[in-house]
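Here the structure comes first, spelled out in structure tokens, and everything after it is commentary.
One-based numbering along the sequence shown. Everything quoted here is computed from the prediction, not taken from an experiment. Only this structure's heavy atoms are used, side chains among them; waters, hydrogens and symmetry mates stay out.
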Amino acid sequence: QVQLVESGGGLVQAGGSLRLSCAASGSIFSIDVMGWYRQPPGKQRELVADITSGGSTNYVDSVKGRFIISRDNAKNTVYLQMNSLKPEDTAVYYCHADVRGDPWSRRDYWGQGTQVTVSS
């Protein structure tokens, strides 16, 4: 009953920037945590960054200082501003959310994924 729709992926040269967006819709009371995961080709999925409803953030070491995660609670939307992109950032990026349909229930949801390709 909750859908996560991602946008903003694409092809960019090394050193460039992209901004990913993910909007949640459906039966939502609140969203505790929203985040971004990525899966490079042939590798396992990893957490890139997440953010709580209060604004606390967490980043994987490889993107610290380059990426910024933010959210708009009124729009149930999370963003990932990616700067100084490197070829090793190439991956499918997935939005993730821990959603409460009511104050006592929580379920997690995934977006469909968006491709980010960084050329040398």
>> Using a 4.5 Å cut-off between side-chain heavy atoms of Ile, Leu, Val, Met, Phe, Trp and Tyr, which other residues end up in the same hydrophobic cluster as V5?
In response: none
> Sequence neighbours excluded, which residues qualify as side chain to side chain donor-acceptor pair (under 3.5 Å) partners of S56?
Replying inline: none
>> Apply the hydrophobic cluster definition, ILVMFWY joined by side-chain contacts under 4.5 Å directly or through others, and give me every member besides W110.
In response: Y37, L47, V92, Y94
> How many angstroms lie between atom CG of N83 and atom CD1 of I68, to the nearest 0.5 angstrom?
Replying inline: 6.0 Å
>> Quick check: closest heavy atoms across E6 and T114, and the distance to 0.1 Å?
In response: OE1-N, 3.4 Å
> Restricting to pairs with a member in residues 78-120, which pass disulfide bond (SG atoms under 2.5 Å apart), not counting sequence neighbours?
Replying inline: C22-C95
> Partners of V12 by side chain to side chain contact (heavy atoms under 4.5 Å, CB included), sequence neighbours excluded?
Replying inline: L18, L85, V118
>> Test: salt bridge (Lys or Arg N to Asp or Glu O under 4.0 Å). Region: residues 12-33. Which pairs qualify, not counting sequence neighbours?
In response: D32-R100, D32-R106
> Closest heavy-atom contact between P87 and A14?
Replying inline: CD-CB, 4.2 Å
> Taking atom CZ of R107 and atom CD of Q1, what is their separation to the nearest 0.5 Å?
Replying inline: 8.0 Å
> Any idea which heavy atoms bring M34 and I31 closest together, and the distance?
Replying inline: CG-CG2, 3.4 Å
>> Taking disulfide bond (SG atoms under 2.5 Å apart) as the cut-off, I'd like each qualifying pair that reaches into residues 44-84, sequence neighbours left out, listed once.
In response: none
> Which of these passes side chain to side chain contact (heavy atoms under 4.5 Å, CB included) with V48: V63, I69, N58?
Replying inline: V63
>> Within this structure, what is the CD-CD distance for the pair Q112 and Q3, rounded to the nearest 0.5 Å?
In response: 11.5 Å
>> The criterion is side chain to side chain donor-acceptor pair (under 3.5 Å); which residues satisfy it with R71, sequence neighbours excluded?
In response: N73
>> Restricting to side chain to side chain donor-acceptor pair (under 3.5 Å), what partner residues turn up for S30, sequence neighbours left out?
In response: none
> Do you know which two heavy atoms are closest between A91 and P40, and how far apart they sit?
Replying inline: CB-N, 3.5 Å
>> Evaluate M82 against R66 for side-chain contact (heavy atoms from CB on, under 4.5 Å), listing each step before the verdict.
In response: CA-CA 6 Å; M82 303 184 293; R66 299 189 297 121; over 6 Å; no
> For the atom pair CD1 (I28) and CG (N76), what is the distance rounded to the nearest 0.5 Å?
Replying inline: 4.5 Å
>> According to side chain to side chain donor-acceptor pair (under 3.5 Å), who are the partners of D72, at least two apart in sequence or on a separate chain?
In response: none
> Is there a chain of hydrophobic side chains (I, L, V, M, F, W, Y, each step under 4.5 Å between heavy atoms) that links V60 to F67?
Replying inline: yes
>> On a heavy-atom basis, which atom in T57 and which in Y59 lie closest, and how many Å separate them?
In response: OG1-CE1, 3.7 Å
>> If I compare all heavy atoms of V2 with all of S27, which pair ends up nearest, and what's the gap?
In response: CG2-O, 3.7 Å
> Is the shortest distance from a Lys or Arg side-chain nitrogen in D89 or K86 to a carboxylate oxygen in the other one below 4.0 Å?
Replying inline: no
>> Which residues pass the side chain to side chain contact (heavy atoms under 4.5 Å, CB included) test with S70, not counting sequence neighbours?
In response: Y79
>> Can you tell me how far apart CG (L80) and OH (Y93) are? Round to the nearest 0.5 Å.
In response: 7.5 Å
> Under a single-linkage rule joining Ile, Leu, Val, Met, Phe, Trp and Tyr whose side-chain heavy atoms are separated by less than 4.5 Å, which residues share a cluster with L11?
Replying inline: none
>> To the closest 0.5 Å, what do you measure between CG (D108) and NE2 (H96)?
In response: 4.0 Å
